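Beneath this line is the structure, given in C-alpha coordinates, with notes to follow.
None of the values given here were measured: they were computed from a predicted structure.
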Amino acid sequence: LRTFRRNNFFAACACGDLDILREMIQRPEINFNSIDHYHRTGFIIACHYGQVETVEFILKNAKLKDIDLNWQADNELTGFHIACIRGHYKIVSLIMNHASELCIDLFQKDSEGQTAFEMWPEIFTETYTEIHLKQF
(Lines give C-alpha, C1' and ligand atoms only; values in the text may rest on other atoms or scores of the structure.)
Protein backbone atom coordinates (compact mmCIF):
# COMPACT_ATOMS: atom_id res chain seq x y z
CA LEU A 1 0.00 0.00 0.00
CA ARG A 2 2.83 2.43 0.81
CA THR A 3 4.38 1.83 -2.62
CA PHE A 4 1.01 2.52 -4.26
CA ARG A 5 0.59 5.78 -2.32
CA ARG A 6 4.17 6.84 -2.99
CA ASN A 7 3.47 6.63 -6.70
CA ASN A 8 -0.04 8.00 -6.61
CA PHE A 9 -0.55 11.62 -5.65
CA PHE A 10 -4.33 11.23 -5.68
CA ALA A 11 -4.28 8.27 -3.28
CA ALA A 12 -2.05 10.24 -0.90
CA CYS A 13 -4.57 13.12 -0.93
CA ALA A 14 -7.53 10.77 -0.44
CA CYS A 15 -5.85 8.89 2.42
CA GLY A 16 -4.38 11.97 4.05
CA ASP A 17 -0.85 10.57 3.83
CA LEU A 18 1.12 13.66 4.82
CA ASP A 19 4.44 11.79 4.91
CA ILE A 20 4.13 10.97 1.23
CA LEU A 21 2.86 14.46 0.38
CA ARG A 22 5.84 16.01 2.19
CA GLU A 23 8.13 13.88 0.02
CA MET A 24 6.22 14.83 -3.11
CA ILE A 25 6.26 18.57 -2.40
CA GLN A 26 10.06 18.46 -2.64
CA ARG A 27 9.99 16.86 -6.08
CA PRO A 28 9.62 19.36 -8.94
CA GLU A 29 8.29 16.72 -11.31
CA ILE A 30 5.15 16.18 -9.18
CA ASN A 31 2.38 18.36 -10.55
CA PHE A 32 0.00 19.34 -7.76
CA ASN A 33 -2.45 20.54 -10.44
CA SER A 34 -2.72 17.19 -12.21
CA ILE A 35 -6.24 15.86 -12.60
CA ASP A 36 -7.76 12.40 -12.30
CA HIS A 37 -10.34 10.84 -14.63
CA TYR A 38 -13.12 12.89 -12.93
CA HIS A 39 -11.12 16.08 -13.56
CA ARG A 40 -10.41 16.42 -9.82
CA THR A 41 -7.18 17.83 -8.42
CA GLY A 42 -5.56 16.56 -5.24
CA PHE A 43 -7.07 19.54 -3.43
CA ILE A 44 -10.58 18.58 -4.53
CA ILE A 45 -9.98 14.93 -3.57
CA ALA A 46 -8.77 15.95 -0.10
CA CYS A 47 -11.87 18.15 0.30
CA HIS A 48 -14.08 15.26 -0.82
CA TYR A 49 -12.66 12.79 1.70
CA GLY A 50 -12.57 15.28 4.58
CA GLN A 51 -8.79 15.22 4.93
CA VAL A 52 -8.44 18.38 7.04
CA GLU A 53 -4.68 18.15 7.54
CA THR A 54 -4.12 17.45 3.85
CA VAL A 55 -6.22 20.46 2.84
CA GLU A 56 -4.26 22.56 5.31
CA PHE A 57 -0.98 21.26 3.84
CA ILE A 58 -2.11 22.04 0.29
CA LEU A 59 -3.25 25.54 1.28
CA LYS A 60 0.08 26.16 3.02
CA ASN A 61 2.01 25.11 -0.10
CA ALA A 62 -0.36 26.55 -2.72
CA LYS A 63 1.89 29.47 -3.63
CA LEU A 64 5.07 27.37 -3.66
CA LYS A 65 3.61 24.81 -6.10
CA ASP A 66 1.29 27.26 -7.90
CA ILE A 67 -1.76 25.14 -7.02
CA ASP A 68 -5.02 26.14 -8.69
CA LEU A 69 -7.45 26.22 -5.77
CA ASN A 70 -10.26 27.43 -8.04
CA TRP A 71 -10.12 24.45 -10.40
CA GLN A 72 -13.55 23.14 -11.34
CA ALA A 73 -13.97 19.39 -11.76
CA ASP A 74 -16.93 17.58 -13.30
CA ASN A 75 -20.14 19.61 -12.98
CA GLU A 76 -17.87 22.62 -12.42
CA LEU A 77 -17.50 21.82 -8.71
CA THR A 78 -14.59 23.34 -6.79
CA GLY A 79 -12.99 22.07 -3.60
CA PHE A 80 -15.10 24.58 -1.69
CA HIS A 81 -18.29 23.26 -3.32
CA ILE A 82 -17.30 19.68 -2.47
CA ALA A 83 -16.49 20.53 1.16
CA CYS A 84 -19.93 22.15 1.53
CA ILE A 85 -21.74 19.28 -0.21
CA ARG A 86 -19.99 16.69 1.98
CA GLY A 87 -20.52 18.67 5.19
CA HIS A 88 -16.85 19.11 6.07
CA TYR A 89 -17.18 22.14 8.34
CA LYS A 90 -13.47 22.38 9.29
CA ILE A 91 -12.41 22.33 5.65
CA VAL A 92 -15.02 24.96 4.74
CA SER A 93 -13.65 27.11 7.55
CA LEU A 94 -10.02 26.62 6.42
CA ILE A 95 -10.84 27.56 2.84
CA MET A 96 -12.80 30.64 3.90
CA ASN A 97 -9.97 31.76 6.19
CA HIS A 98 -7.42 31.50 3.35
CA ALA A 99 -9.62 32.72 0.51
CA SER A 100 -8.37 36.28 0.42
CA GLU A 101 -4.63 35.57 0.65
CA LEU A 102 -4.79 32.67 -1.86
CA CYS A 103 -7.31 34.26 -4.25
CA ILE A 104 -9.89 31.51 -3.79
CA ASP A 105 -13.14 32.52 -5.46
CA LEU A 106 -15.81 31.49 -2.97
CA PHE A 107 -18.56 32.65 -5.32
CA GLN A 108 -17.76 30.40 -8.30
CA LYS A 109 -20.84 28.71 -9.67
CA ASP A 110 -21.25 25.07 -10.58
CA SER A 111 -22.87 23.79 -13.77
CA GLU A 112 -26.31 24.46 -12.28
CA GLY A 113 -25.44 28.04 -11.37
CA GLN A 114 -25.09 27.48 -7.62
CA THR A 115 -22.39 28.81 -5.35
CA ALA A 116 -21.08 26.64 -2.53
CA PHE A 117 -22.92 28.87 -0.06
CA GLU A 118 -26.19 27.71 -1.60
CA MET A 119 -25.28 24.06 -1.09
CA TRP A 120 -25.13 24.20 2.71
CA PRO A 121 -26.96 27.45 3.58
CA GLU A 122 -27.72 26.61 7.21
CA ILE A 123 -24.09 27.07 8.29
CA PHE A 124 -23.70 30.58 6.87
CA THR A 125 -24.97 33.96 7.96
CA GLU A 126 -25.20 36.79 5.48
CA THR A 127 -25.07 40.55 5.93
CA TYR A 128 -25.35 43.13 3.18
CA THR A 129 -21.62 43.00 2.56
CA GLU A 130 -20.30 39.65 3.84
CA ILE A 131 -21.00 35.99 4.37
CA HIS A 132 -19.77 34.40 7.60
CA LEU A 133 -19.51 30.85 8.83
CA LYS A 134 -21.65 30.10 11.89
CA GLN A 135 -19.75 28.80 14.90
CA PHE A 136 -20.93 25.45 16.25
Taking every non-hydrogen atom, the tightest pair across [X] and [Y]:
| X | Y | value |
| --- | --- | --- |
| Arg27 | Glu29 | NE-OE2, 2.8 Å |
| Val55 | Ala46 | CG2-CB, 3.8 Å |
| Ile82 | Cys47 | CG2-C, 4.0 Å |
| Ala73 | Tyr38 | CB-O, 3.8 Å |
| Asn8 | Met24 | C-CE, 4.0 Å |

Answer yes or no: is there a donor N or O on one side and an acceptor on the other, between the side chain of [X] and the main chain of [Y], under 3.5 Å?
| X | Y | result |
| --- | --- | --- |
| Asn61 | Leu64 | no |
| Asn70 | Cys103 | yes |
| His48 | Ile45 | no |
| Gln72 | Thr78 | no |

Sequence neighbours excluded, which residues qualify as side chain to side chain contact (heavy atoms under 4.5 Å, CB included) partners of [X]?
| X | answer |
| --- | --- |
| Ser100 | none |
| Lys60 | none |
| Glu118 | Gln114, Thr115 |

Nearest 0.5 angstrom please: [X] [atom1] to [Y] [atom2], how far?
| X | Y | atom1 | atom2 | value |
| --- | --- | --- | --- | --- |
| Glu56 | Thr54 | CD | OG1 | 10.0 Å |
| Tyr49 | Cys15 | OH | SG | 9.0 Å |
| Leu18 | Ile58 | CG | CD1 | 9.0 Å |
| Phe80 | Asp110 | CZ | CG | 13.0 Å |
| Leu69 | Ile104 | CG | CD1 | 4.5 Å |
| Glu53 | Leu21 | CD | CG | 11.5 Å |

Taking side-chain hydrogen bond (donor to acceptor under 3.5 Å, both in side chains) as the definition, give me every residue that meets it alongside [X], ordered by chain and number, with sequence neighbours left out.
| X | answer |
| --- | --- |
| Asp36 | Arg40 |
| Asn33 | none |
| Trp120 | Glu122 |
| Thr41 | none |

>> Assess, by modelled atom type and distance only, whether the side chains of Asp74 and His39 contain a donor and an acceptor separated by less than 3.5 Å.
In response: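 A donor-acceptor contact under 3.5 Å links the two side chains.
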
> Is there a side-chain contact (heavy atoms from CB on, under 4.5 Å) between Ile95 and Leu106 once you walk through the steps?
Replying inline: CA-CA 9 Å; Ile95 293 170; Leu106 300 176; 3.9 Å; yes

>> How about NZ on Lys65, more than 12 heavy atoms from neighbouring residues, nucleotides or ligands closer than 6.0 Å, or not?
In response: yes

> Heavy atoms, side chains only, cut-off 4.5 Å: are Ile25 and Phe32 in contact?
Replying inline: yes

> Tell me the ring-ring contact (aromatic ring centres under 6.0 Å, His included) pairs involving residues 51-77, sequence neighbours left out?
Replying inline: none

> Tell me the salt bridge (Lys or Arg N to Asp or Glu O under 4.0 Å) pairs involving residues 94-105, sequence neighbours left out?
Replying inline: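 Counting only pairs at least two positions apart or across chains, no salt bridge (Lys or Arg N to Asp or Glu O under 4.0 Å) contact touches residues 94-105.
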
> Between Ile44 and Leu77, does a side-chain contact (heavy atoms from CB on, under 4.5 Å) hold up when you go through it step by step?
Replying inline: CA-CA 9 Å; Ile44 291 174; Leu77 296 172; over 6 Å; no

Who pairs with [X] by ring-ring contact (aromatic ring centres under 6.0 Å, His included), at least two apart in sequence or on another chain?
| X | result |
| --- | --- |
| Phe10 | none |
| Phe107 | Phe117 |
| Phe43 | none |

